[in-house]
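See below for the structure under consideration.
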Amino acid sequence: MKRKVDWRYLLVDIVFVCVRFLELAEILDKIESTTKRLEMVDLISSLLKRAEDDIRETVFLLQGKVAPDYEGIELGIAEKIAIRALASLSGLKEATIETELVKKGDLGKIGEELLRNKKQSSLLSEELTVKKVYGSLLKISKLSGGGSQTRKLQILLDLLQNAEPVEVRYLIRIVTGKMRIGVADMTIVDSIAVAFGTKEKSDMVEGAYNIMPNLPELAYRAMSGGIDSLTSLKVTAGIPIRSMLAERLPSLSDILEKMDGRFAIEYKYDGLRTQVHKIGNKVELFSRRLENITSQFPDIVEEIGKSVKAQNAILDGEAVPFNLDTNEMLPFQEISRRRGRKYDLKETIEKIPVVLFLFDAMMINGTNLMDVPYAQRRLKLTNTIEESQNIKIAKSRVVSDVESAERFFNEALEAGCEGIMAKSIEDKSIYKPGAREFLWIKYKREYQLEMEDTVDLVVVGAFGGQGKRSGGYGALLMAVYSREEDKFRTVCKLGSGFSDEQLDNLPRMLKPYSLKSRDHRVESTIDADFWFTPSLVLEVKGAEITLSPTHTCCRDIVKKGAGLAIRFPRFTGKWRTDKKADEATNEQEIIEMYHSQRKKVLADNA
DNA sequence: TGTGTCTGCCC
DNA sequence: ATTCTGC
DNA sequence: GCAGAATGGGCAGACACA
């Protein structure tokens, strides 16, 4: 008799802890409807307290992920396959849904509405749980090879068919990687602190997150071992640390003011951020987002083994493509060709050698240096590294006035760098992941107020906006003008630099020029959602001109089969209403900009 | 077997 | 990457 | 000032499909 009762309680318990996906979706909906972080933290922390056995899966889904970034587990499906799934679910054509997306800018909401309008009741519907959804997504991530896309689609479809409208909204958002609820990692950090401790524990949880960047795991540990169990986490070679990032300021004098006297200043190399872990005889490399990139840089791995005079170490640096014969830094695009490479590794290593410039040390021989001031870390670094052809220490200097800073900055540019990093050397100058407190400040050539790097481009097309830009344009298609040929050739899209108000005004401003299809003078390989008679001219700032496989500006002129494009384009806020379309920047000017920016020889320190 | 599209990740 | 915005 | 969410160019790999 007694046994029977226990058994029943056990069952009830199992059913109770099982978080329904509908419950999660409704909480996500509530979170989405507020802009107040405190309310979000309230909602999430109470969710975490109830999640129990489902806590890891719950946090993963809250983040819209199935695994931490550094595990290299990807869904391999996103917007296009979500569109296919919704087409299949609703019986509509894919093109119809794509049109809707351009108009409405939220595939999740489109899916939700499709389901609401569907008359047929969900008779066969099986209730979704957090575990079930997570399990299905994990299954999707594990499929590969021929026919895998169809099978992934089928699994997604199974979920959608069993989903309530609001569940569809978030299933689609999770799959497309656009949660849009105003919650990202730091809000979850706060929520873990509140759920299993108090708000005052936020900094501590953040510290744990910095050295174990896996929120589901942290939430689980906080729940099962108590919040203070997180303090026992240790920096460990082999487990990546969240990278420290830099703020930006528009001038060296601003930096001087912020730094309060003396500060260190370093070359800012244009390459791949690389976190080096030496674990005895083993070396592992991680990217800024903590992906494991070890296999792509066997040359660096080998050299680190020789150059690092410590058993264990965690170091920070920038891997730069380099011509070892001419001592010249190569364009960023070159190292892109090594990142992610699996095939033809040997040939590519020979063609594109890489120099790693180290600039920080977070751990050496088991000693955690993250809480030690910059100067000490730097000293430890220089004492531990024996420079070689491929491993170097980033060039640095300590300055206390604008003139010396300026001189160093110009040196950096001469050497082919993007600019400089200013780093605090005060007592508080710890290694603090994320970009906070202006401990590191970057300053690039392009930040200078001079007009040098701006161009006046013509709007020839536009794209429907998503998320907070729903219903309007999200970006514009911009072109240069060729007077000789009377052609407008694209050189970039433009979606940054607009205030909300400017964005709101765009459709009105462009309406008079609206066309049904591309103007015959416009040459574009990109298919815009909206086309215009080239008329409106905007001032655009960029970092540099790059070779482009897609844009048609100056195609085949500098290089066969390639055009030119603008790297990091943004609207300066200046409408060049004084200019007509044919007065826009022309191709010749872009070519000149391209040639005048070639990298200079890196004389010393290389 | 070659090409185009999509995805994910660098900046 | 850059930029804008609400808190 | 922080945190989050819009948006850019462009690379390699995986897969679909002709």
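Lettering of chains follows the sequences in order, A, B, ..., and the numbering in each one begins at 1. Worth knowing before you read on, the calculation uses all heavy atoms, side chains too, and leaves out hydrogens, waters and symmetry mates.
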Counting only pairs under 3.5 Å, give me each side-chain donor-acceptor contact of residues 551-569 of chain A, with atom names and distances, residues two or more places apart or in other chains.
unit_1, atom_1, unit_2, atom_2, d
H551(A), ND1, T490(A), OG1, 2.9
T552(A), OG1, T490(A), N, 3.0
T552(A), OG1, E523(A), O, 2.7
R555(A), NH1, G561(A), O, 3.2
R555(A), NH2, P549(A), O, 3.1
D556(A), OD1, G561(A), N, 2.6
R567(A), NH1, D270(A), OD2, 2.8
R567(A), NH1, E544(A), OE2, 2.7
R567(A), NH2, D270(A), OD1, 3.3

Do the side chains of E318(A) and E418(A) get nearer than 4.5 Å, heavy atoms only?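 Not in contact.
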Spacing of [X] atom [atom1] relative to [N] atom [atom2], expressed in whole Å:
X       : N      : atom1 : atom2 : result
E32(A)  : dA3(D) : CD    : P     : 21 Å
I83(A)  : dT5(B) : CD1   : P     : 15 Å
M179(A) : dA5(D) : CE    : C1'   : 14 Å
L245(A) : dG1(D) : CG    : P     : 17 Å
K541(A) : dG9(D) : NZ    : P     : 18 Å
K468(A) : dA3(D) : NZ    : P     : 16 Å
L503(A) : dT7(D) : CG    : P     : 9 Å
K65(A)  : dC9(B) : NZ    : C1'   : 13 Å

With a 3.5 Å cut-off and no angle check, do the side chains of E291(A) and Q296(A) form a donor-acceptor pair?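 Short answer, no.
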Residue [X], side-chain atoms from C-beta onward, closest of [options]:
X       : options                 : result
F568(A) : dG4(D), dG8(D), dC2(D)  : dG8(D)
E418(A) : dA5(D), dC11(B), dT7(B) : dC11(B)
I81(A)  : dT7(B), dC11(B), dA5(D) : dT7(B)

Could you check whether Y267(A) and F357(A) have their ring centres less than 6.0 Å apart?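 Ring centroids of F357(A) and Y267(A) are no less than 6.0 Å from each other.
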Ring centres of Y70(A) and F286(A) under 6.0 Å apart?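 Aromatic pair excluded; centres sit 6.0 Å or further apart.
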Look at the side chain of [X] and the backbone N and O of [Y], then say whether any donor-acceptor pair between them is shorter than 3.5 Å.
X       : Y       : answer
T585(A) : D456(A) : yes
Y170(A) : D29(A)  : yes
E257(A) : D254(A) : no

Within the structure shown, what part of the strands sits under 4.0 Å from [X] by heavy-atom distance: base, sugar-phosphate, or nothing?
X       : result
D69(A)  : nothing
I181(A) : sugar-phosphate
K268(A) : sugar-phosphate
K152(A) : nothing
I77(A)  : sugar-phosphate
G271(A) : sugar-phosphate

Taking only Lys NZ, Arg NE, NH1 and NH2, and the carboxylate oxygens of Asp or Glu, determine whether R273(A) and D316(A) approach each other closer than 4.0 Å.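 A salt bridge links R273(A) with D316(A).
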With under 30° as parallel and over 60° as perpendicular, where do the rings of F60(A) and Y134(A) fit, or are they tilted in between?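 Because their plane-to-plane angle is under 30°, the rings of F60(A) and Y134(A) count as parallel.
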W440(A) and F359(A) aromatic ring geometry - parallel, tilted or perpendicular at 30°/60° bounds: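 Taking W440(A) first and then F359(A), their aromatic rings stand perpendicular (interplane angle over 60°).
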OP1 or OP2 of dG8(D) sitting under 4.0 Å from any side-chain N/O of K493(A)?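 Indeed, a polar side-chain atom of K493(A) lies that close.
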Looking at K432(A), does any N or O in its side chain come under 4.0 Å of the phosphate oxygens OP1/OP2 on dC2(D)?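 False: K432(A) side-chain N/O out of range (4.0 Å or more) of dC2(D) OP1/OP2.
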Write down the distance separating the C1' atoms in dA1(C) and dG8(B), rounded off to the nearest Å.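 The answer is 16 Å between these two C1' atoms.
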For DNA chain C, whose closest nucleotide is more 5', that of R570(A) or that of L38(A)?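 So the residue in question is R570(A).
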Output one letter per nucleotide in nucleotides 10-18 of chain D: B when a protein non-hydrogen atom lies under 4.0 Å from the base, S when only the sugar-phosphate is that close, - when neither is. SSSSSSS--
Excluding sequence neighbours, so at least two apart, what forms salt bridge (charged side-chain N to carboxylate O under 4.0 Å, His left out) with R37(A)?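 Partners of R37(A) under the salt bridge (charged side-chain N to carboxylate O under 4.0 Å, His left out) test: D190(A).
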Quick one: list whatever passes salt bridge (charged side-chain N to carboxylate O under 4.0 Å, His left out) with R337(A), sequence neighbours left out.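 Once residues adjacent in sequence are excluded, the partners of R337(A) under the salt bridge (charged side-chain N to carboxylate O under 4.0 Å, His left out) criterion are E334(A).
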Using the closest heavy atom to pick a nucleotide of DNA chain D for each, name whichever of A475(A) or E247(A) lands nearer the 5' end.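 Nearest nucleotide further toward 5': that of E247(A).
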For DNA chain C, determine which residues of residues 285-293 of chain A have any heavy atom closer than 4.0 angstrom to one of its atoms, and list them numerically.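 Close to the strand are R288(A).
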First and last nucleotide of DNA chain C, 5' to 3', lying under 4.0 Å from heavy atoms of chain A: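 Taking any atom under 4.0 Å from a heavy atom of chain A, the span is dA1(C) to dC7(C).
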